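First the proteins, then the strands, lettered A, B, ... as listed; each starts at 1. Note that the structure is predicted; figures quoted are calculated from it, not measured. FYI, side chains are in, hydrogens and waters are out, and symmetry mates aren't considered; it's all heavy atoms of this structure.
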Amino acid sequence: MTQLISLLTSAIVFGTVILYGAVGEIITEKSGNLNLGVPGIMYLGGIAGLAAAFLYETHAAAPSGAVGLVISFLAALAASALGGLIYAFLTITLRANQNVTGLTLTIFGAGLANLFGGSLNTMAGGVGQIHVAVTSQSYRAYIPALAGLGSVGKLLFSFGFMAYLAILIALTASWFLGRSRVGLNLRAIGEDPATADAAGVNVTRYKYLATCTGAAISGLGGLYYVMDYIKGTWTTDSTIEALGWLAVALVIFATWRPARAIWSAYLFGVLYWAYNYIAGLSRASIELFKMLPYVVTIIVLVVVSMRRSKESQPPKSLGLSYFREER
Amino acid sequence: MAEEFAVRMVDVTKSFGHVLANNKVYLELKKGEILSLLGENGSGKTTLMNMLAGIYFPDAGQIYINGQEVTISSPHDAYKLGIGMVHQHFKLVDVLTAAENIALGLPGGVLVDRKAIAKKIREICDRYGFAVDPDRKVYDMSVSEKQTLEIVKTLYRGADILILDEPTAVLTPQETENLFAVMRNMRADGKSIIIITHKLAEVLAISDRVTVLRKGEYIGDMDTAKADARSLTDMMVGRTVTLNIQRDEPVDPQRRLEIRNLTVKDKDGVTRLDDINLDVYAGEILGIAGISGCGQKELLETIAGLQPAASGSSVKYRPTGPDGPAEELLGLGPRAVSDRGIRLAFVPEDRLGMGLVGSMDLAGNMMLKSYRTQSKGMLTERRKPYELAKEVVRELDVVTPSIETPVRKLSGGNVQKVLVGREIAMQPTVLMSAYAVRGLDINTSYTIYRLLGEQKRAGVAVIYVGEDLDVLLQLCDRIAVLCSGRLNGVLDGRTATKEEVGYRMTAMLDSGKEARA
């Protein structure tokens, strides 16, 4: 029982990182933009939040956790939205190839983040020295009274606020896409921009806004990873990138539905951490277990394309640029 | 005095690149009338209406709506002026419901109020006699239902000027009747309607007036009551223009292709070609005339082995004349055809999609036809295709920076020369071309005519699908006219008149199935 709770708890922490990435990417993809720069954007969000918190904590006389939190949160949002803006400008205005642009953004984001991560470590006194304890603490704060309510309390209330924010954002996105007028217009653009255009929707503006908003949300995944998952430090291993790709896989697994992405993200977490809770696995089989989320994604892809359900397909114009006077 | 005209377009001009799609076109639509916009393919009807709907922006000219000069720079502007267009390719999102499609792009509260939309849809339906289920997904709808939804969509947005782009092309006769009934209801309600069409019978049946365009120019308009099919055809096709294309008498034409009972259905099960019986002779040019989408593409692609034909169809290839051995082409596929040594050349309509690879250079494109026969082992033979590319460039005056230039960087005319040059270099026995001179300048067009003439003299069976009737009449020895997928007569290219061909293109004759004229 303890083991199960422990597995589920780590699955939720893990799932929260990719849930941000996936929900952001769903919003982007609903506008017809396939942004494969999710890992890069998560890097940008992570490093921006960390750098902002670090600069604040080193310069303030008595750093406050709440202020550090707000500063780093805003920095992460701004940096990831900026990443989205680069992608949007290249693919929407200049009509560059979306796949190439996205992959380039991933490489750019990873490189930039590790460059600054290295510099921050140097500033902090050497490799692995960076630590934003105060800010990280406020990210990880929870209500002890609730978390103390046995297994249920631990399972439901032992997380930092961003785990709940992720669910809230996913549910809001689901409501926004399914019910709101703006969401309807956005879905139409991803399906058929020419139709949306003819109906009087400003396709370019929607694509820009969806891509930047989506990127900002994706970037929060990186922030959560840095502040909560690895507790306010920086490592130059490529975990963020791996998680970013899992977020892209999660978009497919959730068949472009933000609400479905919530439990799917936790399921990915369970599958990813399962090896820790199975006794006697060799190193090789651990790596095999870590593949599980990707394997189930492929299975979902196969099942979805066999069922030919129109609702579970990617947006029809995903990956294509739009130009009104093209003949 | 109340303004008489809902729409006036004066001297409207629009060009795409160097192609002039509309040249100083004039159009007026009176309030509460149905106007037919008549013209052949490529006459600029849809372009003109797209400018009214805000899809394209005119290069020059004025547009007046209800007497006021307006600038329509987006579909949104058009809606604000009460203009709604039902495009030939429906602008509907498949995975959304009827109500969602209607709500798309409309201003309003944060939420989509499904109940209010459904109520208003019902009101419109009751008023004009439509039937639309607001909660039905578009992908579950038939073509006719989608069209109805499109019309309801424009009405929902308060359009009182409706443009219908070839609305009957996709409808059954019964559905067409229903559409016309609805159109009359809308006219009675004070709506002004433009219907784009090239079917004369419909012009006469539904419209009050008709405006004719030809090759992007305004030809004239008249009251439908004073018009008949002949006079409209004359306006549509125009006077015969002498082109001075050299046409030799065919020397010893031998039957090379026998097309028998050819029926082709598309993947939706719609009949595209209906029981075609036609012979193609070596040493002559057979022209195929018809409104676009009447089966020309299917005819060529079926012969080339790119489309399946219905059972019972047959295309026999006789390399040595009517008494020699015959080979069935249907069911082979393009590779098997060439493996059997049948040199079937095809210059498709979609030059850079089907004919050439845009991102490959000239030599690479030559290689597409030869890589299997000329290469040994794993490596490709590049020298011979390179020589061939050089020869094509020299012989046909292809303007290109080099042989290594990707063909998509060449102009349309030069792309076509490369394609035709490659196809001729394989020394074909049958040469099929679809709209070979579309978008080409005069000189290049004549080069193509000359090349086709040379092939004919060399004993090749040439099939020329064309849209310019003057060219068809002065280039081809015989002209087969297709009308809605059926053969509507085969005419002698030397004696047929433009009016005759134009008339057969638009109206099915009972004697249409007769074989050779």
*If you measure from CD on B/E150 to OG1 on A/T195, what distance do you get to the nearest 0.5 Å?*
7.5 Å
*Any pair with a residue in residues 176-186 of chain A that passes side-chain hydrogen bond (donor to acceptor under 3.5 Å, both in side chains), sequence neighbours left out, goes on the list, sorted by first then second residue, please.*
A/N185-A/Y206
_I'd like to know which of B/M85, B/E100, B/K153 tops the heavy-atom pair count under 4.5 Å against chain A._
B/E100
_Heavy-atom closest contact (B/A103 atom, A/L184 atom, distance)_ = CB-CD2, 3.9 Å
_Quick check for you: to the nearest 0.5 Å, what is the distance between A/D197 atom CG and B/I55 atom CD1?_
6.5 Å
*Taking all non-hydrogen atoms of both residues into account, name the closest pair between B/L96 and A/A188 and its distance.*
CD1-CB, 4.3 Å
_Between B/G54, B/S74, B/G109, who has the most heavy-atom pairs with chain A when the cutoff is under 4.5 Å?_
B/G109
_Region of B/L111 in contact with chain A, defined by heavy-atom distances below 4.5 Å_ = both
_Using every non-hydrogen atom in the two residues, find where A/A198 and B/P75 come nearest and quote the distance to one decimal._
O-CB, 3.2 Å
*Locate the shortest heavy-atom distance separating B/L104 from A/A196; write the atom from each residue and the value.*
CD2-CA, 4.1 Å
*asked:* Would you say that more than 12 heavy atoms from the other residues, nucleotides or ligands in this model lie under 6.0 Å from the NZ of B/K297, or not?
replied: no
*Which bit of B/L106 comes within less than 4.5 Å of chain A, counting heavy atoms only: side chain, backbone, both or neither?*
both
*Mind ranking A/G183, A/G200, A/A199 by heavy-atom pairs under 4.5 Å with chain B and telling me who comes out on top?*
A/A199
*Look at the side chain of A/R187 and the backbone N and O of B/V95, then say whether any donor-acceptor pair between them is shorter than 3.5 Å.*
no
*Residues of residues 132-148 of chain B within contact distance of chain A, non-hydrogen under 4.5 Å*: B/K137, B/Y139
